Amino acid sequence: MVFHSAVSRRTVFRGLAGFLAGSPLLRGQQDPFRDHSRVPALREMLDAFDFEPVAFAKITRQAYDYMAWGVDGEFTMRRNREAYDWVGLVPRALAGAGPVQTASNFLGMNLAFPIMISPTARHVLFHPDAEAATHAGATAASGTPLIVSNVATFPVEKIAAAATGPWWFQLYPQQGPDYNRQTLDKAQAAGCRAIVVTVDQQASVYERQTHDQNLTSPTGPVLAPTTIGAPRQRGNPYRVPDGRLWYEWPLLDELRKIAKVPLVVKGIVTGEDARLCLEHGVDCIFVSNHGGRSLDYGPSTLEVLPEIAEAVGGRIPILFDGGIRRGSDILKALALGASAVSLGRVPLWGLAAYGPQGVQKVLEILQAELVQAMTAAGRPTLASIDKTLVRTEFL
Ligand SMILES: Cc1cc2nc3c(=O)[nH]c(=O)nc-3n(C[C@H](O)[C@H](O)[C@H](O)COP(=O)(O)O)c2cc1C
């Protein structure tokens, strides 16, 4: 006679499988969209999207989540991308086959392509040579300028020394008499060609980052502590970090006095604020919603670009970022009023995946795609790109 024990083998296996499925040890195998059996060579990268899975495979889950995601439910982050699908391109015929012209002068800099790198914090999460590697890779890609974040890993002097290309400096102003002046003096002495003051992201919460901190081992945190997404604290019951809540327009007048180079304001998403920037002597408006990391349910940057271009009326240049992944995205932004565009996450994918060579390659892919899109659209020069190129279906 065969006796069945109360715990069958099947039950034991099920229990074990359930335990393993929930185990952080197996996290690496749970990633949904990649095959770890081989890492593709750099020459196999065809478009910017190809870099993201390689980056994902090479960095920690915390670093990836910090870089990839946005604020709250991430509607605005998704909308930044989707907005490009709502803009059609209308080609001109018989436009000739001469060389495509992409060079311009932007705030006193000669650019081979109207493309820059947006400021992003803490590149050491993505590569040990951090911003020095990004700057070297960007310079190798036809001298693409890097905007160095105020919260970069390395001091500005070290980043500046890594390559010969132009770079700008981004500031998160702080209250108090000395910090802004000292920080900007240091950046200007090191050779920054413009100062970007970021005015958005006043009270953002990154839930994914906090989840990661809660779920992963307390012995191995990768990210430095940050107020963004910080759990509720006594005295701060609404999770509103107060570091940037004091920003008001006269701040720009103070910074204007300190800046000996052009002053750029990053985080403008309305025509009204663009007009105020002009009144406060700003040299360039940077249309940005922090890549969907500032206010959820705000509009995509592409949607607000025409309104801002109209308010500015060509008096100062407009820099633009948010969701750019393809050359045709750049073409659409230029047609809707941007003088140049900037890339946030894309160079980080390149950096994490292949180091400086990855940054160079992903930029060169976008440069080539821009040339191809301009050719296909029959707009072979920057001057020929205007609103008549696009049909917008914004909702
Ligand atoms: C990981 C990460 C860090 C960022 N850090 C900064 C920063 O330090 N300063 C800043 O002004 N913007 C920062 N941003 C916003 C970017 O400058 C840029 O506006 C945004 O990434 C553009 O969107 P995209 O990533 O879709 O291209 C950061 C964005 C990301 C993704």
Side-chain angles (χ1 to χ4, degrees), residues 48-49 51-52 55-56 59-60 62-71 74 76-84 115-127 130-131 134 145-154 156 159 168-174 183 187 194-202 204 206 208-209 212 222-224 226-229 243-244 247 264-269 285-295 298 300-302 304-305 319-326 329-330 333 338 340-352 362-363 366:
F49 297 103
F51 288 78
E52 191 183 7
F56 179 93
I59 58 181
T60 66
Q62 277 182 306
Y64 177 80
D65 283 352
Y66 166 68
M67 177 258 291
W69 304 111
V71 67
E74 292 153 353
T76 297
M77 187 187 77
R78 291 191 295 279
R79 192 170 179 135
N80 270 358
R81 266 306 297 145
E82 281 176 18
Y84 294 97
I115 304 173
M116 302 192 48
I117 299 188
S118 294
T120 50
R122 297 185 270 176
H123 289 197
V124 76
L125 294 169
F126 314 111
H127 191 275
E131 295 80 13
T134 315
L146 167 70
I147 307 176
V148 174
S149 164
N150 199 172
V151 268
T153 317
F154 293 147
V156 281
I159 302 167
W168 294 3
F169 180 76
Q170 175 261 323
L171 177 78
Y172 284 123
Q174 289 191 20
T183 308
I195 287 161
V196 176
V197 49
T198 299
V199 297
D200 60 14
Q201 213 197 26
Q202 302 224 314
S204 312
Y206 297 173
R208 285 192 201 253
Q209 192 178 329
D212 275 353
V222 179
L223 298 172
T226 164
T227 51
I228 295 166
R244 297 172 198 163
Y247 291 3
V264 182
V265 174
K266 177 171 185 279
I268 298 301
V269 290
I285 283 166
F286 196 156
V287 177
S288 176
N289 58 21
H290 224 102
R293 296 157 82 87
S294 180
L295 170 70
S300 72
T301 45
L302 201 65
V304 297
L305 181 55
L319 187 57
F320 170 90
D321 78 13
I324 293 175
R325 307 288 181 263
R326 286 218 177 261
D329 300 339
I330 300 173
V341 304
S342 200
L343 310 168
R345 293 176 181 86
V346 162
L348 296 182
W349 296 344
L351 178 68
V362 79
L363 289 170
L366 281 171

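Indexing begins at 1, ligand by ligand and atom by atom, following the structure's order. Residues take their numbers from the sequence shown, with the count starting at 1. Since the structure is predicted, the reported quantities are computational estimates derived from the model, not experimental observations.
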When only distance counts, is [X] in polar contact with ligand 1, meaning an N/O pair under 3.5 Å?
| X | answer |
| --- | --- |
| T120 | no |
| S342 | no |
| P119 | yes |
| A121 | yes |

Which ligand 1 atoms, with their elements, are less than 4.0 angstrom from a heavy-atom of [X]?
| X | result |
| --- | --- |
| S149 | 7 (C), 8 (O) |
| G323 | 23 (O), 24 (P), 26 (O), 27 (O) |
| Q170 | 7 (C), 8 (O), 9 (N), 10 (C), 11 (O) |
| T198 | 10 (C), 11 (O) |
| V151 | 8 (O) |
| M67 | 1 (C), 31 (C) |
| G291 | 19 (O), 20 (C), 22 (C), 23 (O) |
| G322 | 22 (C), 23 (O), 26 (O) |

(request) Check each of L343, V346, D321 against atom 22 (C) of ligand 1 and report the one with the nearest heavy atom. (result) D321
(message) Measuring from atom 7 (C) of ligand 1, which candidate in Y172, W349, F320 has the nearest non-hydrogen atom?
(response) Y172
(request) Could you go through the side chain to side chain contact (heavy atoms under 4.5 Å, CB included) check for T198 and H290 one step at a time? (result) CA-CA 9 Å; T198 299; H290 224 102; 3.9 Å; yes
Taking the side chain as every heavy atom from C-beta outward, state whether [X] and [Y] have any atom pair closer than 4.5 Å.
| X | Y | answer |
| --- | --- | --- |
| T183 | F169 | yes |
| L363 | L343 | yes |
| I147 | F286 | yes |

(request) List the steps and the verdict of side chain to side chain contact (heavy atoms under 4.5 Å, CB included) for L319 and W168. (result) CA-CA 13 Å; L319 187 57; W168 294 3; 3.9 Å; yes
(message) Does only the side chain of R293 get under 4.0 Å from ligand 1, or the backbone, or both, or neither? Count heavy atoms.
(response) side chain
(request) Report yes or no: do T301 and N289 form a side-chain donor-acceptor pair below 3.5 Å? (result) no
(request) Could you tell me whether ligand 1 has any atom less than 4.0 Å away from a heavy atom of R325? (result) yes
Suppose we measure from [atom] to each protein heavy atom; which comes out shortest, and what is that distance?
| atom | answer |
| --- | --- |
| atom 15 (C) of ligand 1 | H290 CD2, 3.3 Å |
| atom 27 (O) of ligand 1 | G344 N, 3.0 Å |
| atom 12 (N) of ligand 1 | K266 NZ, 3.0 Å |
| atom 24 (P) of ligand 1 | R345 NH1, 3.5 Å |

(request) List the steps, then state whether side chain to side chain contact (heavy atoms under 4.5 Å, CB included) holds for I59 with L125. (result) CA-CA 8 Å; I59 58 181; L125 294 169; over 6 Å; no
(request) Let me see the working for D329 and R81 under salt bridge (Lys or Arg N to Asp or Glu O under 4.0 Å), right down to the final yes or no. (result) CA-CA 9 Å; D329 300 339; R81 266 306 297 145; 2.9 Å; yes
(request) Using the ring of Y84 (Phe, Tyr or Trp, six-membered ring only), decide whether R325 places NZ or CZ under 6.0 Å from its centre and within 45 degrees of its axis. (result) no
(request) Check whether NZ of the Lys or CZ of the Arg R345 lies under 6.0 Å from the centre of the six-membered ring of F56 and within 45 degrees of that ring's axis. (result) no
